[in-house]
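First comes the structure, then the notes that go with it.
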Amino acid sequence: MGEIKVPELAESITEGTISEWLKKVGDKIERGEYIAELETDKVNVEITAEESGVITEFLKEPGDTVHVGEVIARLDESGEGGGESTSSAPEAKEEATQEKAPEAEAPKESTTAVATKEVPKEEAKSTSRTIASPAARKLARERGIKLDDVKTTDPMGRVRKHDIESHENKPVAKQQSASQPQKQVQPQDPQKPEERIKMTRRRQTIANRLVEVQQTAAMLTTFNEIDMTAVMALRKRRKDNFFEQHDVRLGFMSFFTKAVVAALRKFPLLNAEIQGNELVLKKYYDIGVAVSTDDGLVVPVVRDADRKTFSDIEGDILDKAKKARDNKLTLKDLQGGTFTITNGGVFGSLLSTPILNGPQVGILGMHKIQLRPVAIDEERSENRPMMYIALSYDHRIVDGKEAVSFLATIKDLLEDPETLLLEG
């Protein structure tokens with residue numbers, strides 16, 4: 001009998017949540033074939049079978065938390081399968097124990113009759129364990145429900161998930177014994193309906209890390225604005241030829257990535273991080289680009305951005321954005337960024353204060369391009385396409401002077417984009 005275990009994921013990831021099973025009990029699978037999708041703190045990982053065979057049982061259900069090395073399914077390597085599947089191994093063992101117990105004790109009835117009669121009924125009852133599916137046990141633990149109190153509709157007496165839900169929907173007074181204090185439950189107003197949705201593992205991780213960054217970093221934000229006239233004119237002139245030559249569109253992200261790399265070279269403390277009591281200055285430029293997905297924000301990394309051309313950067317960002325929305329990003333795609341760029345402008349944001357992507361010490365926020373009247377000289381004004389930009393930084397490392405100068409450098413480079421070519 002073969003086993004399917006949770007594989008090693010990464011040094012920082014020790015557990016995950018089963019998102020869904022990609023196969024069914026009784027299916028024949030080949031070695032290396034995908035069997036389940038696992039949701040981790042960062043990405044979704046597909047688990048593969050290490051051996052060929054027929055799936056005989058799943059030990060975990062979708063929504064269950066599993067750890068690296070834990071057995072989550074069994075398969076018959078002979079390829080024959082066989083028999084009905086059980087929802088879990090512990091459950092099968094419980095049933096087998098209860099079925100075999102009377103047969104084993106029957107021959108000894110005459111010698112142990114006196115001892116058996118002396119055992120109080122209450123004590124004998126307490127030693128038996130309620131049979132329940134893994135999903136039912138998990139739901140009962142989450143909602144504080146005793147399995148012994150749940151009435152089941154299963155003819156074999158097994159408590160199912162729907163039994164827990166039915167039990168919870170009963171009036172509160174019937175669920176609680178007279179000896180227990182009555183809990184105050186606010187009745188739901190039918191005119192104000194609510195829905196409770198469990199947070200995904202990724203959303204929980206995002207929430208925890210954002211709070212952690214705000215509690216551990218001395219975060220501050222400084223602002224500036226860019227006249228995007230020159231960049232937009234350059235794009236308009238070059239976009240058709242650029243697409244014909246490179247099969248990718250010329251967007252704003254390549255300009256901003258190049259400008260960020262040039263500014264980081266001048267102000268290296270924004271390309272650093274704190275490790276204990278040491279300051280680690282990074283001599284490479286792996287720029288994270290925030291991408292919004294249905295499950296939350298992820299930050300795939302453009303590696304060695306200083307060595308890439310405009311078309312390389314645009315193609316890399318396009319590829320990783322597609323992988324992010326299809327849940328195909330790998331851990332390698334997300335690890336090791338030195339600085340992050342986020343663009344709230346695509347959603348219409350005019351101004352915001354981005355939160356650091358720890359342990360990085362800097363993040364640049366782009367925003368919506370909006371026509372605004374700008375003074376050209378003392379006598380003239382023009383409507384220009386303007387963009388507010390924001391730099392959030394860790395004040396423990398970066399002083400205000402460096403932060404403001406960093407942002408001013410980006411502004412100067414983008415208002416005269418030809419200089420980006422001279423920056424390499």
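Open room surrounds CZ on R238; 12 or fewer heavy atoms of other groups in view lie less than 6.0 Å from it. Counting non-hydrogen atoms of neighbouring residues, nucleotides and ligands closer than 6.0 angstrom, the OH atom of Y34 reaches no more than 12 such neighbours. Surrounding NZ of K5 are at most 12 heavy atoms belonging to other residues, nucleotides or ligands under 6.0 Å away.
Panel note: side chain D399, backbone K401; no donor-acceptor pair is recorded below 3.5 Å. With hydrogens and angles disregarded, a donor-acceptor distance shorter than 3.5 Å links the side chain of E33 to the backbone of E30.
Residues Y388 and L350 approach most closely at CD1-O, 3.4 Å, considering heavy atoms. Taking every heavy atom of both residues into account, T56 and V25 meet most closely at O-CG1, 3.4 Å. Closest of all the heavy-atom pairs between S392 and T353 is OG-C, 4.1 Å. The shortest non-hydrogen separation linking D394 to A217 is OD2-CB, 3.6 Å. Considering all non-hydrogen atoms of both residues, A272 and V361 come closest at O-CG2, 3.4 Å. Counting all heavy atoms, side chain and backbone alike, P354 lies closest to S352 at CD-O, 3.5 Å.
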Full working for side chain to side chain contact (heavy atoms under 4.5 Å, CB included) between I35 and I72: CA-CA 11 Å; I35 184 174; I72 58 174; 5.8 Å; no
CA sep, side-chain torsions, deciding dist, call: F252, M387, side chain to side chain contact (heavy atoms under 4.5 Å, CB included): CA-CA 12 Å; F252 291 114; M387 176 193 286; 5.7 Å; no
V289 vs V299, side chain to side chain contact (heavy atoms under 4.5 Å, CB included): CA-CA, chis, key distance, verdict: CA-CA 5 Å; V289 179; V299 188; 5.8 Å; no
Verdict with supporting geometry, R265 and D306, side chain to side chain contact (heavy atoms under 4.5 Å, CB included): CA-CA 10 Å; R265 282 174 168 157; D306 56 318; 3.5 Å; yes
Test salt bridge (charged side-chain N to carboxylate O under 4.0 Å, His left out) applied to K322 and D326, step by step: CA-CA 6 Å; K322 185 178 185 303; D326 293 339; 3.0 Å; yes
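Counting heavy atoms from C-beta on, the side chains of T17 and T65 come closer than 4.5 Å. Residues F310 and H246 are not in side-chain contact: their nearest non-hydrogen atoms beyond the backbone lie 4.5 Å or more apart. With contacts defined as side-chain heavy-atom distances shorter than 4.5 Å, the pair L264/F406 qualifies. You'll find the side chain of F255 reaches within 4.5 Å of the side chain of L234, heavy atoms only. Side-chain atoms of E382 and V374, non-hydrogen and from C-beta on, never get closer than 4.5 Å to each other. For the pair T221/L391, no side-chain contact is recorded, criterion being any heavy-atom separation below 4.5 Å from C-beta on. With contacts defined as side-chain heavy-atom distances shorter than 4.5 Å, the pair V291/K320 does not qualify. In this structure, the side chains of I369 and M232 come closer than 4.5 Å at one or more pairs of heavy atoms.
The side-chain hydrogen bond (donor to acceptor under 3.5 Å, both in side chains) test with E225 is passed by exactly one of H367, R372, R384: R372. Among L407, T342, I287, the one residue that satisfies the side chain to side chain contact (heavy atoms under 4.5 Å, CB included) test with L364 is L407. Partner F256 forms a side chain to side chain contact (heavy atoms under 4.5 Å, CB included) with one of I313, N343, V231, L414 and no other, that one being L414.
Note: F267 and Y393 fail the aromatic proximity criterion, with ring centroids not under 6.0 Å apart.
Salt bridge status for E3 with R74: present, with a side-chain N to carboxylate O gap under 4.0 Å. Remark: E273 engages K282 in a salt bridge, criterion side-chain N to carboxylate O under 4.0 Å.
Atom CD1 of I55 and atom CD1 of I4 lie 5.5 Å apart (nearest 0.5 Å). A distance of 10.0 Å separates CZ of R249 from CG of L318, quoted to the nearest 0.5 Å. Atom CG in D316 sits 11.0 Å away from atom OG in S311 (nearest 0.5 Å).
Checking T409 against D412 by side-chain atom types alone, no donor-acceptor pair falls below 3.5 Å.
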